[in-house]
2 protein chains.
Amino acid sequence: MQNSEAMALSAALLAVAGELTQRIHDGVVARGFEGLRPAHGFAFARLTPDGATVTELAAHLGVTKQAASQLVDEIVRKGYAERRPHPADARARLVVLTGRGLACTRAAEEAAADAVRPWAELLGEREIRALQGQLSRIAPYGPVRPAW
Amino acid sequence: MQNSEAMALSAALLAVAGELTQRIHDGVVARGFEGLRPAHGFAFARLTPDGATVTELAAHLGVTKQAASQLVDEIVRKGYAERRPHPADARARLVVLTGRGLACTRAAEEAAADAVRPWAELLGEREIRALQGQLSRIAPYGPVRPAW
DNA sequence: AGAGATGGTCAAGTTGCTTGACTACTGTGA
DNA sequence: TCACAGTAGTCAAGCAACTTGACCATCTCT
C-alpha cells in the first residue's frame with residue numbers, strides 16, 4: 001500500500017470519527033444532558049458498570065490524575081456521579097454513576113444509533129457488520145485519547 | 001441494529017482513530033518535526049497543494065479565524081509555512097507551505113503508512129481496501145473537527 | 001515497625017481557544 | 001462614482017482544560 005493510500009484511509013477514518021463524535025455529543029445535548037463534553041463520555045464508559053477510582057479513570061483517559069479529579073468534580077457537581085468510600089482501600093474513593101449518569105449513557109447509546117443509522121442505509125447492514133468486525137480487530141487496548 | 005451495537009461500533013471507531021492520531025503524531029516527531037500538534041496536520045492537509053487563506057483554514061478546522069491565525073503564526077514562526085499577498089484580494093493573505101512544510105506532510109504520510117501496515121497484516125490487503133471503501137463512502141464533507 | 005509506593009487533593013502556571021473591537025479592503029446599487 | 005454593507009485579518013483580553021509541583025493519608029513489603 002502506498003503512503004498516499006494510507007493517508008487517504010487515515011483521513012477518511014479521522015473525518016468519520018470527528019463527525020461521529022460531534023453527532024453523539026449533539027444527540028446527548030438534544031436529549032437534555034447539558035454541560036458535558038465528549039471527554040465526559042469516555043469517562044462514563046469507564047465508570048460503567050462498577051465504577052472506578054480517579055487513578056483508573058486518569059489512565060483510561062490518558063491524562064494526569066489531577067485532570068481526572070477535576071473532571072470527576074465536574075460530573076459530581078452536575079449530578080451525574082458520586083464519590084463513595086472504596087470498599088477495599090481507605091485511600092481510594094470509588095466514583096460511580098448516579099441514575100442521571102446512567103440515563104445519560106443510555107442517551108449516548110441512542111445518539112450513537114442515530115448517527116450510525118444513515119451508514120447502514122448507505123452501506124447495508126451486512127457491510128456495517130463487516131466494518132464493526134474490522135475495527136474491533138484493529139482497535140487498541142490502551143487508553144482512549146480524548147484529544148488530538 | 002441495537003443501540004448497544006451502535007455504541008460498540010462507535011467505541012471501536014473512536015479508539016482506532018485515537019490510536020492512529022497518536023501514531024501519526026509520534027511518527028512525525030520521530031522524523032525530526034517537533035513543536036507540532038495533530039491539529040497542525042489537519043491544517044497542512046488544507047494548505048496543500050495551493051495554499052489557503054486564514055478564513056478558509058478556520059472553516060476547515062471548525063475554529064474561529066483568530067484561532068486559525070494564531071495557528072498560522074505558529075507554523076510560520078517554526079518555518080513550515082509563509083504568508084504571501086493574495087493575488088486577487090488585497091485584504092487576504094495566502095498561506096502556503098514551505099519546503100520544510102511539504103517535507104513534514106511527506107513524513108506524515110510515511111507515519112500513516114507505518115500505522116496502517118499492522119492492520120494490513122492483521123486483516124489482509126483485501127479487507128483494508130474494503131475498510132477504505134466503506135469509510136470513504138460515509139465520510140462527511142464538512143470541516144474536520146480536530147478536538148472532541 | 002519502618003520505608004517506600006500509591007490514591008487523592010490543593011495550588012499555581014501554561015496554553016489553545018473564545019469573544020469583542022478594530023482597521024483595511026471589496027463590491028454592489030442608487 | 002461614491003457611500004455603505006460585508007469580508008479578511010489582527011490585536012487584546014478572558015476563559016477553561018490541562019499541566020507540574022507539593023503535600024497528606026493509607027497501603028504494602030520486608
Side-chain angles (χ1 to χ4, degrees), chain A residues 18 21-22 25 29 34-44 46-47 50-78 80-96 143-148, chain B residues 18 21-22 25 29 34-44 46-47 50-78 80-96 143-148:
Chain A
T21 302
Q22 189 64 32
H25 181 252
V29 170
E34 296 187 17
L36 292 175
R37 284 166 289 116
H40 293 124
F42 293 100
F44 282 30
R46 182 63 185 80
L47 294 180
D50 298 320
T53 66
V54 164
T55 298
E56 289 166 348
L57 204 50
H60 181 249
L61 296 177
V63 298
T64 61
K65 55 187 185 176
Q66 291 92 326
S69 187
Q70 286 177 10
L71 190 145
V72 170
D73 282 343
E74 209 177 332
I75 61 178
V76 165
R77 179 162 32 83
K78 291 173 179 167
Y80 295 106
E82 61 185 18
R83 295 185 215 249
R84 295 185 184 169
H86 195 285
D89 189 336
R91 295 170 303 178
R93 314 179 71 176
L94 196 60
V95 181
V96 297
V144 175
R145 311 202 141 271
W148 58 36
Chain B
T21 302
Q22 189 63 33
H25 181 252
V29 171
E34 297 187 16
L36 292 174
R37 283 167 290 115
H40 294 123
F42 294 99
F44 282 30
R46 183 62 185 80
L47 294 181
D50 296 321
T53 65
V54 164
T55 299
E56 288 167 348
L57 203 50
H60 181 250
L61 296 176
V63 298
T64 61
K65 55 186 184 175
Q66 291 92 326
S69 187
Q70 287 177 8
L71 190 146
V72 169
D73 282 342
E74 210 177 332
I75 61 178
V76 165
R77 178 160 35 82
K78 291 173 179 167
Y80 295 105
E82 60 185 19
R83 294 184 216 250
R84 295 183 183 169
H86 196 285
D89 189 335
R91 294 170 302 181
R93 314 180 71 178
L94 197 60
V95 181
V96 296
V144 176
R145 311 201 142 272
W148 57 38

_Students often get this wrong, so: under 4.0 angstrom with heavy atoms, is B:T64 touching a base, only sugar-phosphate, or nothing?_
base
*A:V54 side chain: which of D:dC27, C:dC17, C:dT9 is closest?*
C:dT9
*Can a side chain N or O of A:T55 be found less than 4.0 Å away from OP1 or OP2 on C:dG8?*
yes
*Check whether any side-chain nitrogen or oxygen of A:R83 sits under 4.0 Å from OP1 or OP2 of C:dT9, and answer yes or no.*
yes
*Check whether any side-chain nitrogen or oxygen of B:R37 sits under 4.0 Å from OP1 or OP2 of C:dG16, and answer yes or no.*
yes
*Nearest whole angstrom, please: distance from the C1' of D:dT20 to the NZ of A:K65.*
13 Å
*Rounded to the nearest 0.5 Å, what separation is found between the CG atom of A:L71 and the CD atom of A:Q66?*
13.5 Å
*CG of A:L61 to NE2 of A:H40: how many Å apart, nearest 0.5 Å?*
9.5 Å
*To the nearest Å, how far apart are A:D73 CG and C:dT9 P?*
7 Å
*So how far is it from B:L47 CG to B:E56 CD, rounded to the nearest 0.5 Å?*
9.5 Å
*Looking at every strand, decide which applies to B:A92 at a 4.0 Å heavy-atom threshold: base, sugar-phosphate, or nothing.*
sugar-phosphate
_Judged by each residue's nearest nucleotide on DNA chain D, which is more toward the 5′ side, A:A88 or A:L71?_
A:L71
*asked:* I need the CZ-C1' distance between A:R77 and D:dA17, as an integer number of Å.
replied: 13 Å
*Looking at D:dG21, does its base get a donor-acceptor pair with the side chain of A:Q66 below 3.5 Å?*
yes
_Can you measure A:H40 atom NE2 to D:dA17 atom C1' for me and round it to whole angstrom units?_
10 Å
*Does B:R91 make a side-chain donor-acceptor contact with the base of C:dT26, cut-off 3.5 Å?*
no
*Nearest 0.5 Å please: distance from the CZ atom of B:F44 over to the CG atom of B:L57.*
10.0 Å
*Specify the separation, in whole Å, of atom CG of A:L36 and atom C1' of D:dA17.*
15 Å
*asked:* Rounded to whole Å, how long is the line connecting atom CG of B:L61 with atom P of C:dC17?
replied: 9 Å
*Find which nucleotide of DNA chain C each of A:Q70 and A:D89 is nearest to by heavy atoms, and output the residue with the more 5' nucleotide.*
A:D89
*Is any side-chain N or O of B:S69 closer than 4.0 Å to OP1 or OP2 of D:dG9?*
no
*Interatomic distance, B:H86 NE2 vs D:dT7 P [rounded to whole Å]*: 16 Å
*Just how far is it from atom CZ of B:R83 to atom CD1 of B:I75, taken to the nearest 0.5 Å?*
8.5 Å
_Taking any heavy-atom pair under 4.0 Å as a contact, classify B:A90: base, sugar-phosphate, or nothing._
sugar-phosphate
_Euclidean distance, atom CZ of residue A:R93 to atom C1' of D:dC27 [Å, nearest integer]_ = 17 Å
